[in-house]
Amino acid sequence: MTPTLFGRWQTRLLLLATVGVLVSLPFATGLIGPGANSVYFWILAYVAIFGLGWDALYDYLQKFRWDRDWPAVYQLFAGIWELVFIFCGIKLFGFLPIPVPKDELSLGAFMLHYSVVWLAVFITSQSLMRIIFPRWRFRGGEWL
């Protein structure tokens, strides 16, 4: 079943709150990246917040496809678009506040963190969610 908009929101928030936080912990504690910093949780929060809006757009665009679903390559393009938007908001234009000066957040650390979180969430949604919660797909991704 194609995920409903409400199902997309619930799944995005659930995966970012679990898998995203677990993947961000090594970055926030300084095990990966330039040093310990809470900025990675801010990035995760922006991905979640703006993702709700992107999901509304993606849901609208899907209605033009005959099967009303995204191929995995479209999900990759959506992830790249979200990366560019968050990067521009934090680093280039600075309209998204973070707890450190934007000059201190390196491009490499940002790209590595976003890429690892995106890949972990994507793999989890495509594999573990379907194994652990088989009815999740048949409810359009909705939990409540």
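Only this structure's heavy atoms are used, side chains among them; waters, hydrogens and symmetry mates stay out.
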According to the interplanar angle, ranging from 0 to 90°, do the rings of Tyr40 and Phe27 count as parallel (below 30°), tilted (30 to 60°) or perpendicular (above 60°)?
tilted
For Phe87, what residues pass the ring pair (Phe, Tyr, Trp, His ring centres under 6.0 Å) criterion, not counting sequence neighbours?
Phe110
Are Trp54 and Phe50 near enough that their ring centres are under 6.0 Å apart?
no
Just grab all the side-chain hydrogen bond (donor to acceptor under 3.5 Å, both in side chains) pairs involving residues 77-99, residues at least two apart or on different chains.
Arg12-Glu82, Tyr58-Glu82
Under the side-chain hydrogen bond (donor to acceptor under 3.5 Å, both in side chains) rule, what pairs show up with a residue in residues 15-29, not counting sequence neighbours?
Ser24-His113
Over all heavy atoms of both residues, which pair between [X] and [Y] is shortest? Give the atoms and the distance, please.
X: Ser125; Y: Leu15; result: CB-CD1, 3.6 Å
X: Val121; Y: Gly20; result: CG2-N, 4.4 Å
X: Leu96; Y: Ile86; result: CD1-O, 4.3 Å
X: Thr124; Y: Ala120; result: OG1-O, 2.7 Å
X: Val21; Y: Leu44; result: N-CD2, 3.6 Å
X: Ile90; Y: Lys102; result: O-CB, 3.6 Å

Could you walk me through whether Leu105 and Ile43 satisfy the side chain to side chain contact (heavy atoms under 4.5 Å, CB included) test, starting with their C-alpha distance in whole Å, then the side-chain angles of each, then the deciding distance to 0.1 Å, before giving a yes or no?
CA-CA 11 Å; Leu105 180 63; Ile43 293 169; 4.2 Å; yes
Check whether any side-chain heavy atom of [X] sits under 4.5 Å from a side-chain heavy atom of [Y], and report yes or no.
X: Leu52; Y: Leu13; result: yes
X: Phe41; Y: Ile98; result: no
X: Ile32; Y: Leu112; result: yes
X: Trp118; Y: Leu76; result: yes
X: Tyr46; Y: Pro97; result: yes

Should we say atom CZ of Phe95 is surrounded by more than 12 heavy atoms from elsewhere, each under 6.0 Å from it?
yes
